[in-house]
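Report on the structure given below.
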Amino acid sequence: MPELPEVEVVRRGLTEHVVGRRIVDVAVLHPRAVRRQAGGADEFTARVRGRVVTAVERRGKFLWLMLDSDEAVVCHLGMSGQMLVRSDGQVPTHLRIAFDLLDGQTLQFVDQRTFGGLFVTEIEDGVPLEVLHIARDPLDPRFDDAEFLARLRRKEVGIKRALLDQTLISGVGNIYADEALWRTSLHYARNSRALRRAEVETLLANVRAVMTEALAQGGTSFDALYVNVNGQSGYFSRSLDAYGREGQPCRRCGTAVVREPFMNRSSFRCPQCQRKPRVSR
DNA sequence: AAGGTCTCCTGAGGGC
DNA sequence: TGCCCTCAGGAGACCT
């Protein structure tokens with residue numbers, strides 16, 4: 001479950017269901033799920049077993065469980081990861097890691113494609129070591145708009161690439177990048193250096209607005225891969241204006257939305273409202 | 001240094 | 001029914 005709103009839905013669910021609970025045992029069922037753990041599954045298990053979860057935090061698409069050892073279990077959901085809390089004893093097909101909680105519930109990391117994963121690490125300044133290089137996300141009150149603008153001007157990069165660069169601004173993925181660009185009437189290839197301050201401010205306001213609206217609706221789910229900790233889907237997909245709307249009329253001007261290859265995936269835009277820049281300045 | 005391309009995986013859906 | 005193709009909410013490693 002990838003972008004910020006979907007990860008935040010999971011964070012809130014975990015806060016409700018696992019904070020204060022003790023992890024009595026943990027089983028790693030697929031080694032790829034802990035490939036970022038030095039020492040592998042044995043090390044992961046040793047550092048997690050017996051610990052109490054004290055908080056669940058997030059930066060961008062990274063999520064972590066704080067432990068009473070002052071270490072953190074960091075989680076990235078990748079393309080298809082889920083964190084599920086259940087008490088019905090069911091074992092999903094792609095279960096990769098299972099945490100047995102003292103209260104009888106099971107916390108499951110389920111991941112069809114195994115692009116996601118978990119690892120235990122140390123905390124520095126409140127953030128796991130491996131998350132330190134990730135920028136604050138736009139819903140973080142300490143996100144610095146002026147610094148973001150300054151960094152955009154220090155480079156010459158297409159604006160969508162910049163939105164997807166987790167070291168510049170975190171939490172934005174392919175869906176919300178396309179939605180925010182549509183709302184701002186910007187083409188994805190607009191040069192970051194040439195954007196006016198007001199355009200960047202409007203873009204940031206739209207990133208925040210679309211993510212806040214999506215969060216209120218439980219995130220974007222196209223299928224059962226993207227669900228909250230109870231297995232329920234969000235319903236923001238019905239509110240999308242650009243993403244996935246190839247051939248359908250732009251909700252602003254009626255022109256058919258186009259899909260174009262971009263960074264080995266797809267970008268959706270209105271060819272009328274989001275004109276291709278003539279030159280990259 | 002920016003921007004292509006490929007890779008890691010599994011599964012769904014379309015065309016024939 | 002099967003087979004082959006393309007595609008998917010991420011992201012790091014190469015190459016030019």
Side-chain angles (χ1 to χ4, degrees), chain A residues 1-10 29-36 58-63 74-83 92-96 109-119 130-131 133-135 137 151-181 187-194 207 210-211 214-215 217-228 233-240 242-247 259-268 277 279-281:
Chain A
M1 201 190 247
E3 305 181 47
L4 187 153
E6 293 77 33
V7 179
E8 176 62 14
V9 166
V10 173
L29 305 170
H30 195 309
R32 256 184 72 79
V34 292
R35 66 192 176 285
R36 294 193 65 179
R58 181 188 58 73
R59 174 174 288 188
K61 303 171 196 171
F62 279 89
L63 182 70
V74 179
C75 170
H76 196 294
L77 299 172
M79 287 285 274
S80 56
Q82 305 174 346
M83 290 290 258
T93 307
H94 303 295
L95 178 62
R96 310 304 188 193
F109 175 64
V110 179
D111 190 3
Q112 178 190 97
R113 298 173 71 182
T114 63
F115 290 173
L118 275 61
F119 57 93
E130 291 80 357
V131 182
H133 69 291
I134 299 294
D137 62 63
R151 292 185 69 187
L152 286 185
R153 295 207 167 148
R154 257 183 261 137
K155 44 177 41 190
E156 253 179 63
V157 66
I159 188 60
K160 184 170 173 181
R161 300 188 93 93
L163 286 176
L164 297 178
D165 181 345
Q166 304 296 302
T167 69
L168 281 177
I169 180 172
S170 69
V172 184
N174 207 30
I175 293 181
Y176 299 108
D178 278 5
E179 292 302 303
L181 290 169
H187 188 282
Y188 57 79
R190 286 286 298 278
N191 184 335
S192 65
R193 175 177 284 172
V207 168
V210 71
M211 285 184 162
L215 183 53
Q217 296 182 45
T220 301
S221 309
F222 299 129
D223 53 43
L225 283 185
Y226 304 97
V227 295
N228 71 11
S233 293
Y235 46 94
F236 190 69
S237 59
R238 67 179 65 165
S239 305
L240 296 174
Y243 189 87
R245 298 195 66 244
E246 181 181 20
R259 176 165 70 106
E260 294 163 329
F262 178 80
M263 291 175 80
N264 253 8
R265 54 232 294 202
S266 295
S267 263
F268 297 87
V279 286
S280 70
R281 287 170 292 150

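In what follows, every chain begins at residue 1, and chains take the letters A, B, ... in the order their sequences are listed. These values consider heavy atoms only, across backbone and side chains, with no hydrogens, waters or symmetry-generated copies. Nothing here was measured: the structure is a model prediction, and the numbers come from that model.
dC9(B) and dC3(C) have their P atoms separated by 23 Å, with the value rounded to a whole Å. Of the P atoms belonging to dA11(C) and dA1(B), the separation is 23 Å, rounded to the nearest Å.
Within residues 166-179 of chain A, the residues having any heavy atom under 4.0 Å from DNA chain C are, by residue number, Gln166(A), Gly173(A), Asn174(A), Ile175(A).
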Might you list the N or O atoms of the protein lying below 3.5 Å from N or O atoms in nucleotides 4-7 of chain B, with each pair's distance?
unit_1	atom_1	unit_2	atom_2	d
dG4(B)	OP2	Arg161(A)	NH1	3.3
dC6(B)	N4	Asn264(A)	ND2	3.4

Any N/O pairs under 3.5 Å between the protein and nucleotides 13-16 of chain C? List them or say none.
none

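Contacts of Thr167(A) classified as side-chain hydrogen bond (donor to acceptor under 3.5 Å, both in side chains), with partners at least two apart in sequence or in another chain: Asp165(A). For Tyr188(A), the ring pair (Phe, Tyr, Trp, His ring centres under 6.0 Å) partners are Phe262(A), not counting sequence neighbours. Listed by chain and number, the residues in a salt bridge (charged side-chain N to carboxylate O under 4.0 Å, His left out) with Glu130(A) amount to none (sequence neighbours excluded). Partners of His76(A) by ring pair (Phe, Tyr, Trp, His ring centres under 6.0 Å), not counting sequence neighbours, listed by chain and number: Phe62(A). Here Arg259(A) pairs with Glu246(A) under the salt bridge (charged side-chain N to carboxylate O under 4.0 Å, His left out) rule; sequence neighbours left out. For Phe268(A), the ring pair (Phe, Tyr, Trp, His ring centres under 6.0 Å) partners two or more places apart in sequence, or in a different chain, are Tyr243(A). Lys160(A) pairs by the side-chain hydrogen bond (donor to acceptor under 3.5 Å, both in side chains) definition with Asn174(A), Asp178(A), Ser267(A), not counting sequence neighbours. Scanning for side-chain hydrogen bond (donor to acceptor under 3.5 Å, both in side chains) contacts around Glu8(A) gives Arg11(A), Arg12(A), Arg58(A), with sequence neighbours left out.
Remark: DNA chain B takes part in the stems B:2-8 with C:10-16, B:10-16 with C:2-8, each of 3 or more antiparallel Watson-Crick or G-U pairs, criterion distances under 3.5 Å.
Counting all heavy atoms, side chain and backbone alike, Ser233(A) lies closest to Asp223(A) at OG-O, 4.2 Å. For the pair Met83(A) and Leu118(A), the tightest heavy-atom approach, listed with the atom from each and the gap, is CE-CD2, 4.4 Å.
Here dT10(B) presents its C1' atom at 13 Å from CD of Gln82(A), a figure rounded to the nearest Å. We find that NZ of Lys160(A) is positioned 17 Å from C1' of dA2(B), with the value rounded to whole Å. As rounded to whole Å, 12 Å separates atom C1' of dG12(C) from atom CZ of Arg265(A).
Under 4.0 angstrom from either OP1 or OP2 of dG11(B) there lies at least one side-chain N or O belonging to His94(A). Contact between the side-chain N/O atoms of Lys61(A) and the OP1/OP2 oxygens of dA11(C) is found at a separation under 4.0 Å. Within the 4.0 Å cut-off from OP1 or OP2 of dA11(C), at least one side-chain nitrogen or oxygen of His76(A) is found. Distances shorter than 4.0 Å separate some side-chain N or O of Ser266(A) from OP1 or OP2 on dA8(C).
In terms of position along DNA chain B, the nucleotide closest to Arg32(A) lies nearer the 5' end than the nucleotide closest to the other residue of the pair Arg32(A) and Thr93(A).
Distances were taken from every side-chain heavy atom of Arg259(A) (C-beta onward) to each of dT10(B), dC7(C), dG9(C); the shortest belongs to dC7(C).
Of the possible polar contacts, none joining the Arg161(A) side chain to the Ala189(A) backbone as a donor-acceptor pair under 3.5 Å is found.
Stacking is not found between Phe222(A) and the pyrimidine-like six-membered ring of the dG9(C) base under the 5.5 Å centre-distance and 30° plane-angle cut-offs.
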